[in-house]
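Working notes, structure below.
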Amino acid sequence: MFEERLNLLASAFAIDIFKYDQGKLVKLSAAQKFFNQSLMTQAAKSSALNTFTLVKYQLGYILVIAFSDQEKLLLLPQVDSAEYDHNSFADLNFLTQALSLGKLVYSIYKEAAAPDWELAINDLNKSKEIVKQSAPIKDLNSFHAYSIVMTEALCVLDQTSFQKNVQLMKACNILGEALKSNNFIRGEKDILIGLVEQMTNGLEKIGFPIEKAVLLQINANQKIEMQANIINFDYWLDELTQLFFVELKKYRQSQFLSKAEKISAYINAHLRENTKLKTISENLNIPEQSLNIIFKNKYGQTIKQYAIAQKIEKAKTILDRSELKVKDIANYLYFIDESYFISTFKKLTGITPLEYRLKASQPHETNKSKNN
């Protein structure tokens with residue numbers, strides 16, 4: 001059966017596969033427990049027939065294979081969607097594999113050779129565009145000029161100028177999709193690697209920690225060099241530049257946080273751990289005996305009280321957006337056991353986790369009834 005083969009493929013490529021059937025989503029692979037049903041439905045509806053449609057949304061990509069308006073397959077990279085973290089490197093991997101992966105899934109699902117469809121890029125906030133098979137080298141000097149202004153905007157976190165110049169770089173259309181020629185592919189990689197080096201040097205000049213900058217550069221270059229070719233050059237450009245912008249922004253924000261805010265940020269970044277005061281002290285270089293005093297002066301509660309409250313807020317999000325069992329949520333958020341999680345949840349919200357999930361789902365059901 002094709003289901004078994006799809007499961008093996010999903011495991012090998014670290015993807016999840018859903019079927020959009022008559023307006024409903026059905027899991028075909030051993031899918032992740034966290035997924036945004038509304039977003040996936042929107043992606044399915046926005047995809048064109050007779051194409052492999054790569055749908056871009058705020059946090060990543062979904063590949064849609066459209067057999068008809070009512071029958072489509074959706075492929076998603078396996079990520080911890082409970083955290084909803086944007087991962088540019090994972091996006092780059094998925095971009096590179098999209099077309100070949102779409103054809104492979106098509107052939108398994110239909111048990112027939114995949115058609116020679118083109119890859120459509122569909123940004124949910126922009127217009128759809130078909131990726132061309134090739135594009136001439138054009139206006140390379142302008143590309144470099146815009147990249148310099150982009151790097152300058154990056155270093156001062158001027159998002160408007162940064163985004164504008166990234167778009168101008170893309171408009172230069174210097175390479176397009178990779179051709180068969182090794183020299184052409186090498187040229188694409190060299191341009192991206194040169195851009196990474198330029199951004200790395202820019203960050204170092206403004207005081208961004210050298211070790212962090214170099215690690216960014218190494219990871220980015222490894223991803224570039226590992227690709228047999230660079231399909232969707234413009235989207236690689238988007239993801240690489242955005243990665244550097246986000247990392248610098250996070251660093252700058254951390255520099256201006258008070259000690260209490262740094263403690264808060266650390267707790268929120270480690271909700272899935274049983275974080276101890278000693279660990280916080282060592283990571284933030286704040287005396288352990290001062291932690292609760294500093295924190296309570298700003299937030300009016302102890303670090304433990306705050307951490308538990310934030311865990312419950314995260315649990316509410318998971319309950320609302322996933323099918324994960326209460327026991328699994330308790331384990332996920334590092335509670336001692338299920339009963340302690342339930343009692344803590346009820347103490348802070350007035351209802352049990354299952355009651356919260358039922359209450360959260362009722363508005364959706366009401367809206368469905370009204371629409372019907």
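What you see is a predicted model; the values in this text were computed from it and never measured. Worth knowing before you read on, the calculation uses all heavy atoms, side chains too, and leaves out hydrogens, waters and symmetry mates.
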**Prompt:** Can you tell me how far NZ of Lys19 sits from CD of Gln22, rounded to the nearest 0.5 angstrom?
**Reply:** 9.0 Å
**Message:** Atom NZ of residue position Lys164 - does it have more than 12 heavy atoms of other residues, nucleotides or ligands inside 6.0 Å?
**Reply:** no
**Message:** For a 4.5 angstrom cut-off between non-hydrogen side-chain atoms, does Ile15 reach Leu9?
**Reply:** yes
**Asked** Would you say Thr53's side chain and Val55's backbone share a donor-acceptor pair under 3.5 angstrom?
**Response** no
**Asked** Is the closest side-chain heavy-atom distance between Tyr146 and Gln167 below 4.5 Å?
**Response** no
**Asked** Can you name the side-chain contact (heavy atoms from CB on, under 4.5 Å) partners of Gln198, sequence neighbours left out?
**Response** Ser147, Ile148, Thr151, Leu195
**Request:** Output the rest of the hydrophobic cluster of Ile263: all Ile, Leu, Val, Met, Phe, Trp and Tyr residues reachable through side-chain heavy-atom contacts under 4.5 Å, sorted by chain and number.
**Result:** Tyr266, Ile267, Leu271, Leu277, Ile280, Leu284, Ile286, Leu291, Ile294, Phe295, Tyr299, Ile303, Tyr306
**Prompt:** Taking it one step at a time, do Lys347 and Thr344 satisfy side-chain contact (heavy atoms from CB on, under 4.5 Å)?
**Reply:** CA-CA 5 Å; Lys347 180 180 178 181; Thr344 303; 5.6 Å; no
**Prompt:** How long is the gap from CG on Leu54 to CG on Leu99, to the nearest 0.5 Å?
**Reply:** 10.0 Å
**Request:** Kindly compute the distance separating OH (Tyr106) from CD1 (Ile65), expressed to the nearest 0.5 Å.
**Result:** 9.0 Å
**Prompt:** So do Glu152 and Asn165 actually touch side chain to side chain, heavy atoms under 4.5 Å?
**Reply:** no
**Message:** Quick one: does any side-chain atom of Asp158 pair with a main-chain N or O of Ser161 as donor and acceptor, under 3.5 Å?
**Reply:** yes
**Message:** If you count heavy atoms of other groups shown closer than 6.0 angstrom to CG of Asp337, is the number above 12?
**Reply:** yes
**Message:** If you define the side chain from C-beta out and look only at heavy atoms, does anything of Thr349 sit under 4.5 Å from Tyr356?
**Reply:** no
**Asked** Under 3.5 Å, side chain of Glu355 to main-chain N/O of Thr352, donor-acceptor pair present?
**Response** yes
**Request:** Could you tell me the separation between the CD atom of Glu4 and the CD1 atom of Ile108, rounded to the nearest 0.5 Å?
**Result:** 11.0 Å
**Asked** Please walk me through it: do Ile206 and Arg252 pass side-chain contact (heavy atoms from CB on, under 4.5 Å)?
**Response** CA-CA 11 Å; Ile206 61 170; Arg252 282 283 176 81; 3.3 Å; yes
**Prompt:** Do Tyr61 and Glu239 have side-chain atoms, one donor and one acceptor, less than 3.5 Å apart?
**Reply:** yes
**Asked** OH/Tyr109 to CZ/Arg5 distance, rounded to the nearest 0.5 angstrom?
**Response** 14.0 Å
**Complete:** In short, Glu288 meets Ser281 closest at the heavy-atom pair N-OG, 3.3 Å
**Request:** For residues Tyr340 and Ile336, report the shortest heavy-atom separation together with the two atoms involved.
**Result:** CD2-N, 4.1 Å
**Prompt:** Counting distance only, does the side-chain N/O of Gln305 pair as donor-acceptor with the main-chain N or O of Thr302 below 3.5 Å?
**Reply:** yes
**Prompt:** Quick one: is the NZ or CZ of Lys72 closer than 6.0 Å to the six-membered ring centre of Phe67, and within 45° of its axis?
**Reply:** no
**Message:** Between Phe18 and Leu76, is there a side-chain heavy-atom distance shorter than 4.5 Å?
**Reply:** yes
**Prompt:** If only atom types and distance count, is the side chain of Asn268 paired as donor or acceptor with the main-chain N or O of Ser264 below 3.5 Å?
**Reply:** yes
**Asked** Got a donor-acceptor contact below 3.5 angstrom from the Lys311 side chain to the Leu333 backbone?
**Response** yes
**Asked** Heavy atoms, side chains only, cut-off 4.5 Å: are Leu119 and Leu63 in contact?
**Response** yes
**Asked** Got more than 12 heavy atoms from elsewhere within 6.0 Å of NZ, Lys110?
**Response** yes
**Prompt:** Can you name the closest pair of heavy atoms from Ala44 and Val64 and give their distance?
**Reply:** CA-CG1, 4.4 Å
**Message:** Within a 6.0 Å radius of atom OH on Tyr251, are there more than 12 heavy atoms belonging to other residues, nucleotides or ligands?
**Reply:** yes
**Request:** Return yes if some donor-acceptor pair links the side-chain N/O of Glu261 with the main-chain N/O of Ser258 below 3.5 Å, else return no.
**Result:** yes
**Request:** Return the minimal non-hydrogen interatomic distance between Ile342 and Pro353, and the atom names on each side.
**Result:** CG2-CD, 3.9 Å
**Message:** Quick one, Asp116 with Lys103, criterion salt bridge (Lys or Arg N to Asp or Glu O under 4.0 Å). Give me CA distance, side-chain angles, the key distance, then yes/no.
**Reply:** CA-CA 8 Å; Asp116 192 23; Lys103 289 183 176 181; 3.5 Å; yes
**Message:** Looking at every heavy atom in both Trp117 and Ala66, which two are closest together, and how far apart are they?
**Reply:** CH2-O, 3.5 Å
**Complete:** CZ of Phe244 to CE of Met150, rounded to nearest 0.5 Å, is 9.5 Å
**Request:** Begin with the C-alpha distance, continue with both residues' side-chain angles, and end with the deciding distance and a verdict on side-chain contact (heavy atoms from CB on, under 4.5 Å) for Leu192 and Val196.
**Result:** CA-CA 6 Å; Leu192 291 175; Val196 167; 5.6 Å; no
**Prompt:** So which heavy atom on Ala43 is nearest to which on Ile62, and how close?
**Reply:** CB-CD1, 4.0 Å
**Message:** What I'd like to find out is whether the side chain of Met199 reaches to under 4.5 Å of the side chain of Leu154, using heavy atoms alone.
**Reply:** yes
**Message:** Within the structure provided, determine whether Val326 and Phe341 are in side-chain contact (heavy-atom separation under 4.5 Å).
**Reply:** yes
**Message:** Between Leu240 and Ile224, does the side-chain contact (heavy atoms from CB on, under 4.5 Å) criterion hold? Intermediate values first, please.
**Reply:** CA-CA 10 Å; Leu240 285 172; Ile224 294 167; 4.0 Å; yes
**Prompt:** Could you go step by step and tell me if Asp16 and Lys27 meet the salt bridge (Lys or Arg N to Asp or Glu O under 4.0 Å) rule?
**Reply:** CA-CA 8 Å; Asp16 291 318; Lys27 299 177 183 177; over 6 Å; no
